[in-house]
Amino acid sequence: QVVFALNQTLLQQESLRAGSFQIPYTTEDLIKHYNCGDLSSIIFNHDTSQVPNFINASLPAHERITAQEIDSYFRQELIYKRNERMGRRVKDLLEQHPDKSFFFAFGAGHFMGNNTVIDVLRREGYEVEHTPAGQAI
């Protein structure tokens, strides 16, 4: 599976470099939507934008199954579990030090797709508000 994932990632990167494959959004698009607090944008609603896309129709059936298994594994291990850990750490700090103020900053990947850090904290009963760039806290 590791060899398959590496090969698919390299093929995807080679396609990008050759211009035969294009990502539907740019880094600038991510920054713009993030700064505007537009986390419901189509860009942020896809978990897979954080990991290589291994699944494509040109793969033989047995390789498609491998691609789906790897995609599921990455989604669980690199996205969902990571955000759960981050959310729990924030919650623990808030509960251990109720008399202190905190400022938490996360990379955009922690706000993409399902089971984001914000989702974790809201499930724990916290209210989370976006602070736009330039707004005083």
Side-chain angles (χ1 to χ4, degrees):
Q1 285 183 338
V2 171
V3 171
F4 176 85
L6 288 172
N7 282 333
Q8 290 302 311
T9 302
L10 288 172
L11 287 170
Q12 201 173 74
Q13 292 300 313
E14 289 167 354
S15 296
L16 276 170
R17 191 172 289 148
S20 59
F21 176 73
Q22 203 169 0
I23 295 176
Y25 54 84
T26 65
T27 301
E28 288 77 24
D29 293 331
L30 282 172
I31 293 168
K32 180 180 131 198
H33 287 280
Y34 177 79
N35 282 339
C36 292
D38 185 13
L39 300 181
S40 63
S41 124
I42 191 78
I43 293 171
F44 287 98
N45 283 332
H46 295 284
D47 300 323
T48 55
S49 57
Q50 299 179 73
V51 295
N53 182 19
F54 299 116
I55 305 168
N56 70 60
S58 66
L59 293 174
H62 71 283
E63 287 187 357
R64 260 196 309 272
I65 291 168
T66 300
Q68 288 168 338
E69 289 171 352
I70 293 170
D71 183 75
S72 177
Y73 175 81
F74 276 163
R75 186 180 321 278
Q76 187 64 36
E77 295 298 319
L78 297 180
I79 300 171
Y80 299 157
K81 283 186 180 180
R82 173 192 68 174
N83 287 339
E84 285 288 333
R85 278 192 308 273
M86 298 297 285
R88 275 196 313 270
R89 288 176 182 166
V90 168
K91 176 185 172 285
D92 289 347
L93 279 170
L94 293 171
E95 289 177 355
Q96 290 169 7
H97 307 282
D99 55 327
K100 291 189 178 186
S101 294
F102 289 90
F103 173 82
F104 298 101
F106 297 95
H110 292 282
F111 302 107
M112 298 175 88
N114 301 307
N115 298 311
T116 67
V117 171
I118 292 172
D119 294 333
V120 171
L121 291 169
R122 285 185 175 147
R123 279 195 307 268
E124 293 292 333
Y126 288 92
E127 183 178 326
V128 181
E129 293 180 23
H130 174 74
T131 304
Q135 179 178 323
I137 299 175

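Because the structure is a prediction, the values reported are computed rather than measured.
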V128-F106 co-clustered via ILVMFWY side chain contacts under 4.5 Å: yes
ring-ring contact (aromatic ring centres under 6.0 Å, His included) involving F104 - partner list, sequence neighbours excluded: F102
same_hphob_cluster(I70, I65) at 4.5 Å side-chain heavy-atom cutoff: no
Check against side chain to side chain contact (heavy atoms under 4.5 Å, CB included), R123 and N115: CA-CA 10 Å; R123 279 195 307 268; N115 298 311; 3.5 Å; yes
Sequence neighbours excluded - side chain to side chain donor-acceptor pair (under 3.5 Å) pairs with any residue from residues 85-98: K91-E95
ILVMFWY cluster, M86 and L94 together (side-chain gap under 4.5 Å): yes
Under 3.5 Å: donor-acceptor pair, side chain of S15, backbone of L11: yes
Residue of the set T116, N83, V90 for which side chain to side chain contact (heavy atoms under 4.5 Å, CB included) holds with L121: V90
